[in-house]
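This report refers to the structure that appears directly beneath it.
Counting begins at 1 with the first residue of the sequence.
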Amino acid sequence: MTLKRRTRNPSLPPLAFPFFFCLLFLLFPLGLSGEIRLESEEDEKNLLIIRVIPSRGEIYFNREFLARKEAELAFNPGHFTLEFRLEGWASETLELDLEEGRRYEIEALLEPALTRLILPPLPPEASIRVDGERVPREESLLVPSGRRRVVVERFGYRPLTWDLTLEPGDHSLSLGEWVPAEVLVEDFWASRRTVVPGD
């Protein structure tokens, strides 16, 4: 049997966002290994058993959706393509030549896909949030790929917000125009109200 493996996730520079990486490692300790395990033994039945971790992962057989988490199917000997996909994780592709009279067990452990978010120069008082979490100010950040909301906040101005669908690799943000925040008259007078005991 011959086996060819392809991972769809471009190589990334050294991690510029260690906190996020540690968080991913704690949440997804299995996924970070990004490996394929294959076992084969003689069997009268031509049987292929497939599993993917995380269990939300999708299995494609010859580019047709087969199942989520795991699948078991009989096969005729020949050449086949297996794909494992999950949004926000690096996909894996296997090219297989399956032989007569064998049983194959394949387990794919996916790794989180990362995007390097390249930020424009920011005022020193500005802060950055990704999906609601404040993150360190850096020239670039490594964040999980997929759908992300990035917000840059600056006191006295309306926040700048991006709703993004990030692919693995590099993604540059262009800074919009800072618009002064509007202060309502009611809020101004409410902040100056004197509270008299007994009111």
**OP:** Start with the C-alpha gap between Glu58 and Phe65, add the side-chain angles, then the distance that decides, and say whether side chain to side chain contact (heavy atoms under 4.5 Å, CB included) holds.
**Re:** CA-CA 7 Å; Glu58 298 177 341; Phe65 175 74; 3.9 Å; yes
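- Every residue meeting the side chain to side chain contact (heavy atoms under 4.5 Å, CB included) condition with Glu42, not counting sequence neighbours, appears here in chain and number order: Arg102.
- Pro144 places none of its side-chain heavy atoms less than 4.5 Å from the side chain of Pro112.
- Inter-residue side-chain proximity for Tyr60 and Arg85 is flagged as met; some heavy-atom pair is nearer than 4.5 Å.
- The two residues Pro159 and Val151 come nearest to each other via the heavy atoms CB-CG1, 3.8 Å.
- The number of heavy-atom neighbours closer than 6.0 Å to CD of Glu64, taken from other residues, nucleotides and ligands shown, is 12 or below.
- Across every non-hydrogen atom of Ile53 and Glu107, the tightest pair is CD1-OE2, 3.8 Å.
- The closest side-chain heavy-atom distance from Leu96 to Tyr104 is not below 4.5 Å.
- The CG atom of Asp163 lies 12.0 Å from the CZ atom of Arg148; values are rounded to the nearest 0.5 Å.
- Grouping the Ile, Leu, Val, Met, Phe, Trp and Tyr side chains by contacts below 4.5 angstrom, directly or via other members, places Leu94 with Leu48.
- For the residue pair Glu92 and Leu110, the shortest heavy atom distance occurs at CG-CD2, 3.7 Å.
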Atom pairs and distances, side-chain donor-acceptor, residues 173-181, under 3.5 Å, sequence neighbours left out:
none

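- The minimum heavy-atom distance linking Asp170 with Arg116 is given by the pair OD2-NH2, 2.9 Å.
- What you find for Thr161 and Arg149 is that their closest heavy atoms are CG2-NE, 3.9 Å.
- In this structure, Thr165 and Arg147 approach most closely via the heavy-atom pair OG1-CG, 3.9 Å.
- Annotation: Phe75, atom CZ; neighbour count of heavy atoms from other residues, nucleotides and ligands within 6.0 Å is above 12.
- Annotation for Asn76: atom CG does not count as buried by contact number, only 12 or fewer foreign heavy atoms lying within 6.0 Å.
- Within the 4.5 Å cutoff, the side chain of Glu100 has heavy atoms near those of the Asn46 side chain.
- Grouping the Ile, Leu, Val, Met, Phe, Trp and Tyr side chains by contacts below 4.5 angstrom, directly or via other members, places Leu73 with Phe80.
- Among Val143, Leu141, Leu117, the single residue meeting the side-chain contact (heavy atoms from CB on, under 4.5 Å) criterion with Val135 is Leu141.
- Here the side chains of Ser127 and Arg134 are in contact, with some heavy-atom distance below 4.5 Å.
- Residues satisfying the salt bridge (Lys or Arg N to Asp or Glu O under 4.0 Å) test with Glu153, not counting sequence neighbours, are Arg129.
- A single hydrophobic cluster is not seen to contain both Leu66 and Leu47; linkage of ILVMFWY side chains at heavy-atom distances under 4.5 Å, directly or through other members, places them apart.
- In this structure the side chain of Lys45 never reaches within 4.5 angstrom of the side chain of Arg103, judged on heavy atoms.
- Remark: Arg51 engages Glu105 in a salt bridge, criterion side-chain N to carboxylate O under 4.0 Å.
- When side chains are defined from C-beta on, Glu138 does not count as touching Leu119, because their heavy atoms never get closer than 4.5 Å.
- When side chains are defined from C-beta on, His171 does not count as touching Trp162, because their heavy atoms never get closer than 4.5 Å.
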